[in-house]
There are 2 protein chains.
Amino acid sequence: MIVSVKTLVLLKRLSKYIKNYVNKKRTTIKDIANSLNISAAAVSKAMHDDPRISAKTKEAVKRVAKELNYQPNHLASALRKGKSNLVGVIVPKTNSNFFSSVVQNMEEVLNKSGYNIIITQSNESFKKECDSIDTLLYTQVDGIIASMANETIDLSHYEKIKSKGIPLILFDRGENDLNVDYVGIDDYNSSHIIINHLVSKGCKRIAHIGGFRRTRIFNNRMRGYIDALKKHQLPLDESLIIESNLTIKDGRTKTHALLELDPIPDAIYVAGDYAALGALQVIQEKGLKIPNDIKLVGFGNEPFTSLVHPTITSIDQNSQEIGKLAAETFLSRIENPTVKQTLNKIIFDAKLIVRESSE
Amino acid sequence: MIVSVKTLVLLKRLSKYIKNYVNKKRTTIKDIANSLNISAAAVSKAMHDDPRISAKTKEAVKRVAKELNYQPNHLASALRKGKSNLVGVIVPKTNSNFFSSVVQNMEEVLNKSGYNIIITQSNESFKKECDSIDTLLYTQVDGIIASMANETIDLSHYEKIKSKGIPLILFDRGENDLNVDYVGIDDYNSSHIIINHLVSKGCKRIAHIGGFRRTRIFNNRMRGYIDALKKHQLPLDESLIIESNLTIKDGRTKTHALLELDPIPDAIYVAGDYAALGALQVIQEKGLKIPNDIKLVGFGNEPFTSLVHPTITSIDQNSQEIGKLAAETFLSRIENPTVKQTLNKIIFDAKLIVRESSE
DNA sequence: ATTAATTGGTTAAACGTTTAAGCAGTTCTT
DNA sequence: AAGAACTGCTTAAACGTTTAACCAATTAAT
């Protein structure tokens with residue numbers, strides 16, 4: 001079949017026309033402008049309650065907008081304004097009560113100031129975290145609030161955020177070297193609170209299943225544990241200190257090891273609730289009684305700590321406050337863009353929730 | 001102080017210049033073009049490996065892009081292309097293992113096809129759900145995958161998604177009336193599986209704490225329960241059927257009521273794991289033994305069901321498959337935009353995980 | 001009665017990309 | 001040798017908003 005070039009061009013035009021017709025192109029500001037015989041600029045201004053537009057016109061614009069089911073195009077306005085009003089949030093896992101609660105509170109604060117959030121999860125993976133950051137930067141977020149993955153050591157992708165000139169706020173899992181805002185609890189002091197409590201209950205041989213020391217917060221908990229023992233003039237026994245990835249499974253394994261010792265510890269302070277749960281199971285399987293034979297303290301105040309038997313003493317991390325403050329910190333950075341980012345730590349005191357496992 | 005209009009204009013120009021300089025404006029395609037003395041169009045094509053650009057130019061473009069730390073602007077490309085490559089995901093809660101796992105699997109599938117996801121949580125609130133939908137539409141997502149909030153009865157905001165012509169996929173909590181794709185498990189049949197199991201263990205007086213019947217999935221579980229009893233020629237006792245919001249607390253309350261009956265039931269089938277946990281607590285507090293005095297079955301296979309004592313028999317909802325299939329359904333809708341959306345149900349069989357509470 | 005200020009808009013450019021169309025220059029056909 | 005086809009770009013318009021600059025008409029100030 002031979003078809004002239006002209007025919008081809010016409011066919012293309014036609015197909016475009018049909019496409020537009022079928023997809024019944026979204027209504028834009030121009031459609032409103034046309035139907036009211038005013039300029040698109042006037043419509044835009046009317047929508048934003050510009051004082052230079054008459055009340056009558058504003059009303060008409062809003063009426064027609066509703067009639068035509070107009071929805072503003074974020075891409076266009078964000079592109080033009082150079083501001084997306086989107087905040088990226090990176091968490092290691094969403095299915096933890098702590099992170100879920102932090103995010104919820106952040107969202108509440110940010111929504112009030114006209115920001116929406118995009119949640120991404122790193123699944124504790126360094127690669128996924130890098131990808132998340134790329135996605136967020138690509139989406140042109142106005143800032144990023146993040147809690148670092150366990151695996152993360154190399155910080156170059158976080159530097160990338162800083163180099164873009166948008167605010168970066170870290171919470172819970174932070175890193176001093178980045179020199180950015182940080183919101184979290186006082187991990188060092190939390191360990192002191194826990195040890196004080198256990199000592200007051202008569203414990204003398206307290207074990208610690210901690211997270212990896214390369215992660216700052218876990219290192220701080222470890223330091224707090226060691227210093228608190230010193231304060232109470234208890235001997236420091238290296239075999240009572242174990243690093244763990246703090247999953248249930250690893251909590252079980254490490255507790256098994258601790259119960260092989262002779263004498264066994266009279267208390268275990270676990271730096272994460274899930275691992276504490278694993279410890280609880282193993283202790284009971286061995287026929288030992290909690291808290292009589294051995295006391296147990298977790299960290300994080302996950303809901304299940306008050307649901308298992310016995311209920312587990314734990315540290316509440318004040319997730320509401322952390323979420324709110326991280327969001328507010330972001331907002332203040334946005335409002336003062338000239339102020340250079342510096343290491344600005346906002347530290348909360350944590351609360352010890354005493355339950356059956358250490359009574 | 002008197003300042004001429006001209007001076008004012010000059011000042012404004014200056015301030016804009018300074019602003020650009022201070023914010024060291026992000027590098028764009030034009031910067032690359034200038035530095036190579038080619039057109040911006042050529043750069044764009046080189047980036048996308050257009051066959052009409054020479055290998056030499058492509059290489060040069062990519063090199064300079066890296067040198068200048070170029071990051072494409074999603075807003076601009078999405079605006080131009082009319083496609084954001086973003087998928088909105090709405091879940092009732094992120095801190096549930098089921099939803100978290102579904103989302104994770106969705107993300108995996110979608111990322112492979114070049115899509116990124118934006119997660120929003122409705123917190124089971126109707127209003128928040130509407131807001132989420134508005135945000136997502138405003139962000140120009142290419143589609144929405146959602147699980148409905150408990151509160152939701154009015155479906156007009158979901159109709160709004162449909163009217164935009166972008167794909168809407170529902171999972172777990174769906175609604176026939178919307179006439180869109182749905183991915184979930186066979187709730188009706190799940191009840192049959194549970195009742196079959198309990199009957200085989202000798203139960204004759206099986207109670208059911210279900211969700212609100214206005215939610216389709218809970219209604220289906222209820223129907224399945226009733227029909228399964230009939231099948232086994234067990235009497236239907238209305239006092240054994242209770243509707244609940246399925247929180248731990250309500251699980252406790254409703255179980256208290258059931259244990260007031262005479263005779264008490266010999267099994268309780270609870271339509272949600274959290275409520276089942278509440279039931280477990282109350283039963284034990286009353287001094288009754290599980291499974292000897294009374295058997296217990298939950299729904300959802302939340303991790304804690306295998307962590308409490310006794311471990312709780314539950315239904316696994318196949319979250320991985322649901323996530324993957326919801327994503328794939330979205331992709332196939334995108335690839336065949338002309339096909340009209342219809343009620344297209346993809347139903348999985350659920351798996352019963354038998355544990356101590358019903359042995 | 002001028003000039004100045006206010007009102008209620010309009011025009012046009014810009015944000016950063018993509019893409020249809022065009023166009024030299026070279027190479028291949030026949 | 002003349003046209004066809006290919007190569008490797010360039011030009012310019014478009015996506016939907018926002019906004020600086022401008023302007024005509026009205027009202028206020030002196």
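Numbered from 1 within each chain, the chains take letters A, B, ... in sequence-line order.
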Can [X] and [Y] be counted as an ion pair, charged N to O under 4.0 angstrom?
X	Y	answer
Lys62(A)	Asp49(A)	yes
Lys160(B)	Asp134(B)	yes
Glu67(A)	Arg63(A)	yes
Glu159(B)	Lys164(B)	no

Between [N] atom [atom2] and [X] atom [atom1], what is the distance in whole Å?
X	N	atom1	atom2	answer
Asn37(A)	dT10(C)	CG	P	9 Å
Asp50(B)	dA21(C)	CG	P	15 Å
Ile32(B)	dT18(C)	CD1	C1'	15 Å
Gln140(A)	dT17(C)	CD	P	8 Å
His74(A)	dT18(D)	NE2	P	11 Å
Leu79(B)	dG16(D)	CG	P	7 Å
Arg52(B)	dA21(C)	CZ	P	13 Å
Lys30(A)	dT11(C)	NZ	C1'	13 Å

| request: Give a yes-or-no answer on whether the side chains of Glu151(A) and Ser125(A) include a donor-acceptor pair shorter than 3.5 Å. | output: no

| Is it true that the side chains of Asn344(B) and Thr342(B) contain a donor and an acceptor less than 3.5 Å apart? |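 Note: Asn344(B) and Thr342(B) side chains miss the donor-acceptor criterion.
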
Can I get a per-line list of side-chain donor-acceptor pairs under 3.5 Å for residues 102-110 of chain A, giving both atom names and the distance, sequence neighbours left out?
from	atom 1	to	atom 2	distance (Å)
Asn105(A)	ND2	Ser101(A)	O	2.8
Glu107(A)	OE2	Lys128(B)	NZ	3.1

Any side-chain N or O of [X] under 4.0 Å from OP1/OP2 of [N]?
X	N	answer
Ser44(B)	dT19(C)	no
Tyr70(B)	dT17(C)	yes
Thr57(B)	dC9(D)	yes
Ser77(A)	dT17(D)	no

Candidate nucleotides [options], ranked by approach to the side chain of [X] - the nearest:
X	options	result
Asn73(B)	dG9(C), dG8(D), dT17(C)	dT17(C)
Ala41(B)	dT11(D), dT17(C), dG8(D)	dT11(D)
Thr28(B)	dT17(D), dG16(C), dT19(C)	dG16(C)
Ile53(B)	dT19(D), dT18(C), dC9(D)	dC9(D)

| task | Enter the inter-axis angle for the ends of the helix from dA1(C)-dT30(D) to dT30(C)-dA1(D) (five pairs per end, rounded to 10°). | result |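 Nearest ten degrees gives 40° for this helix.
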
| task | Using a 4.0 Å heavy-atom cut-off across all strands, classify Ile38(A) as base, sugar-phosphate, or nothing. | result |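 It contacts sugar-phosphate atoms only.
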
| said: Counting the atoms with a prime plus P, OP1 and OP2 as sugar-phosphate, which does Pro72(B) contact under 4.0 Å by heavy atoms, base, sugar-phosphate, or nothing? | reply: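 Result for Pro72(B) = sugar-phosphate.
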
| field | Residue whose closest nucleotide on DNA chain D lies nearer the 5' end, Lys58(B) versus Arg80(B) | value |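 Going by which nucleotide is closer to the 5' end, it is Lys58(B).
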
| So, Thr94(A) side chain and Ser100(B) main chain: donor-acceptor pair closer than 3.5 Å or not? |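 Checking the backbone N and O of Ser100(B) against the side chain of Thr94(A), no donor-acceptor pair under 3.5 Å is found.
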
| field | DNA chain C: 5'-proximal contact among Lys81(A) and Lys56(A) (nearest heavy atom) | value |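 Checking each residue's closest nucleotide, the 5'-ward one belongs to Lys56(A).
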
| request: Would you state whether a donor and an acceptor, one from the side chain of Lys45(B) and one from the base of dT10(D), lie under 3.5 Å apart? | output: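 It does, because a donor-acceptor pair links the side chain of Lys45(B) to the base of dT10(D) below 3.5 Å.
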
